[in-house]
Trainee: 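Here it is, the structure, as structure tokens.
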2 protein chains.
Amino acid sequence: MTGTMDHPTTGRSTARRTTLTEVAQQAGVSEITVSRVLRDSGPIAPATRDRVMAAVRALGYVPNRVAGTLASSGSNLVGIVLPSLANIVFPEVLRGAAGPLATMGYQPVIAVTEYDIAREETLIESLLSWRPAGLIVTGLEHTPRAEAMLRNAGVRVAELMDSDGTGIDIIVGFSNAEAGRIAARHLLSRGYRRFGYVGHGGGATIGADLRAGKRWTGFTTTLAAAGHPPLDKEIVDAPSSIAAGRCGLAELLARSPHLDAIYFSNDDMALGGYFHCLANGIAVPGQLALFGHNALDVGQVAPQPLSTVRTARLKIGEIAARLVCGDAPSQKVDVGVELVEGATA
Amino acid sequence: MTGTMDHPTTGRSTARRTTLTEVAQQAGVSEITVSRVLRDSGPIAPATRDRVMAAVRALGYVPNRVAGTLASSGSNLVGIVLPSLANIVFPEVLRGAAGPLATMGYQPVIAVTEYDIAREETLIESLLSWRPAGLIVTGLEHTPRAEAMLRNAGVRVAELMDSDGTGIDIIVGFSNAEAGRIAARHLLSRGYRRFGYVGHGGGATIGADLRAGKRWTGFTTTLAAAGHPPLDKEIVDAPSSIAAGRCGLAELLARSPHLDAIYFSNDDMALGGYFHCLANGIAVPGQLALFGHNALDVGQVAPQPLSTVRTARLKIGEIAARLVCGDAPSQKVDVGVELVEGATA
DNA sequence: GGCAACCATGACAGCGCTGTCATTGGAACC
DNA sequence: GGTTCCAATGACAGCGCTGTCATGGTTGCC
């Protein structure tokens, strides 16, 4: 299995694939008849159909959808733009979308922005150049040019994960601000008063996680209104991860040891914080309460499940896929958020 | 943002996109000149270039890569076939590949088989119909027709995650059998003797996780050779997950309470097992040793890190992307596996 | 000054398929 | 028996772009 060019069929696409024309010749019919058989369109005599299918199999013909798309101006591609694959949340959204898309015969093309809104612009252009049937993007904030492209694309566009704002066509998400408020109200109702926050920075560049920012705003506004604004916060300069959460909490506590409740930018971070507490003998929630966001499986199966807010990632992906590929009207779907009391706050 | 058809630009693709021809007219040059400017090919006078770019911007022109691909018979699409997105391992492979692909100007198109080898065949055909520049698939086992298509595709093909066998063109992976053997040797060397196994079933259908099977074989063969074959095993009839691991271990211990070491099909499952032990006061590893596979972050950041075998998922994705898009010879790249002693065995 | 050697641009065909309209040969009907 | 109708098939153009070859205008150089 090592060596150079020992596979004649491998490498440069010298091997011209068989075309419709060849299948037609083999079957003794015209190209258009083969095309019809393959697409089940128009009336075809059973005998003809059999002959064509036999030729298709004999030649190992695989239709060229590039040509088909160009001729019919309609592809089965659906572009999906995600900020990251490192946070399990987005693979879950993708997974939610993959099911319906496959069922309806669509193919996902994915692009990852690393939370960089300028990069998103480029990627959207690149996806649109494939004339997809639809486009699924994350968030409501885009560069002006990206937004213009999305509006003029002539395809359905779904914006996910955020319902705090207005969008282009279809919105499927939840209110991040509300998630922050829920966290604040829960912690207040449990009697905590000295609040801290551990968040994550952007990935590659400045373009931070805007939705985490909206949660923070909801959180801090509610606390401030109750007269107990957060006393300190630590933003780890790294993408969200368990390790980042662990470091972040350590830093924060080193600086402000008397906090009694910590809100994390998400469950990954919160779980890291939880591990920090376990490793350092900090009683949770007796000594320190922890609150996350997302209700990831990993945080819920632990013996002491995380206090958090559940978001319906799979459902968001699923609904978005369905709407983008259907002919539903423009709309905003709020899948809501739900307090998960857990055992850490 | 709710209501029907309030966006004139939304919905059916009635809005014909602007074409090269229109840009050419606007700029007062021929189509081919615009094409050259956009692709940076051939000599172009600076003044002409500026005029063309101005027209492109003015019209908001987005090239149609479908037409481009058809004309030049070469796309920038790379098909990626993964068994699942529910297991973080595959999003990580995808993430590893996404970087280099983006850098080299390629676009990933993904397909998910749910561990169904028949479905894989369909998906491969579907991906090939887009005449991708390359194809990345998981595993070495395919249906005969799928394998024939891959061989005749005329594109580079990489098969990932498994080096125990022969492949079509490029292989990037590690030996699952060896991973199983490492686990067995480690547990033996630690003095454990009464072994159990907790595995996961297929996803949708019979087509189980073949690579987990190879690990099991390596594990059990080594143990048998040492005179201590596994005493019991529990295969949970569900996709791999933390919850499945937790249930699986509970079942297994209910039936065989005297086991002293458990090998899990992967870290998700093992972490579930660990949580079962925590919740039921089973001392790890004193009373029961736990061993996983993959060395996921989540298992390593915990206070008591999982004993497991590290696999280089990101690296596999990265190398595969590079090789598939380059003109390297057919080859097998074994990224190896590495024992992670951890604290659970 | 004349010929080569470019540079910058264009004309044309065609990638592989599908939409549209046209054509054929029966079966159905009065 | 002639008209009508429809099922079954085909001819043709064209989707939007790029490869190939051709063309006009400059520059360089002996």
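In what follows, every chain begins at residue 1, and chains take the letters A, B, ... in the order their sequences are listed. Computed from heavy atoms alone, side chains included, the values below leave out hydrogens, waters and symmetry copies.
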Trainee: When you look at V52(B) and Q26(B), which way does the side-chain contact (heavy atoms from CB on, under 4.5 Å) test go after all the steps?
Mentor: CA-CA 8 Å; V52(B) 168; Q26(B) 170 98 6; over 6 Å; no
Trainee: If the cut-off is 4.0 Å, is S30(B) near the phosphate of dT9(C), judged by side-chain N/O to OP1 or OP2?
Mentor: no
Trainee: Quick check on DNA chain C: between T18(A) and V29(B), whose nearest nucleotide comes earlier from the 5' end?
Mentor: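 Comparing both residues, the 5'-ward one is V29(B).
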Trainee: Base, sugar-phosphate or nothing for V66(A)? Non-hydrogen atoms, less than 4.0 Å.
Mentor: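 Contact class for V66(A): none.
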Trainee: Within the structure shown, what part of the strands sits under 4.0 Å from T69(B) by heavy-atom distance: base, sugar-phosphate, or nothing?
Mentor: nothing
Trainee: Nearest-nucleotide wise, let me know which of A67(B) and R39(B) is further upstream toward the 5' end of DNA chain D.
Mentor: A67(B)
Trainee: With a 4.5 Å cut-off on side-chain heavy atoms, are V23(B) and L38(B) touching?
Mentor: no
Trainee: Any Lys/Arg nitrogen of D169(A) or R156(A) sitting under 4.0 Å from an Asp/Glu carboxylate oxygen of the other?
Mentor: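 Yes, this pair counts.
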Trainee: At 4.0 Å (heavy atoms only), tell me whether R36(A) reaches a base, stays on the sugar-phosphate, or touches nothing.
Mentor: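 The answer is base, as R36(A) lies within the cut-off (heavy atoms under 4.0 Å) of a base atom.
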Trainee: Is it true that the side chains of R65(B) and S126(A) contain a donor and an acceptor less than 3.5 Å apart?
Mentor: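 Distance-only check passes for R65(B) and S126(A).
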Trainee: Across the strands shown, which category fits S41(A) at heavy-atom distances under 4.0 angstrom: base, sugar-phosphate, nothing?
Mentor: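 No contact.
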Trainee: If each of E31(B) and T21(A) is mapped to the nucleotide of DNA chain C with the nearest heavy atom, which maps nearer the 5' terminus, i.e. the 5' end?
Mentor: E31(B)
Trainee: Tell me which one of D116(A), T113(A), L128(A) satisfies side chain to side chain contact (heavy atoms under 4.5 Å, CB included) with L123(A).
Mentor: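 Among the candidates, only T113(A) passes.
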Trainee: Can you pull the contact range of chain B along DNA chain D, 5' to 3', using atoms under 4.0 angstrom from its heavy atoms?
Mentor: dG16(D) to dT20(D)
Trainee: Spell out, as yes or no, whether a donor-acceptor pair under 3.5 Å connects the side chain of T138(A) to the backbone of V81(A).
Mentor: yes
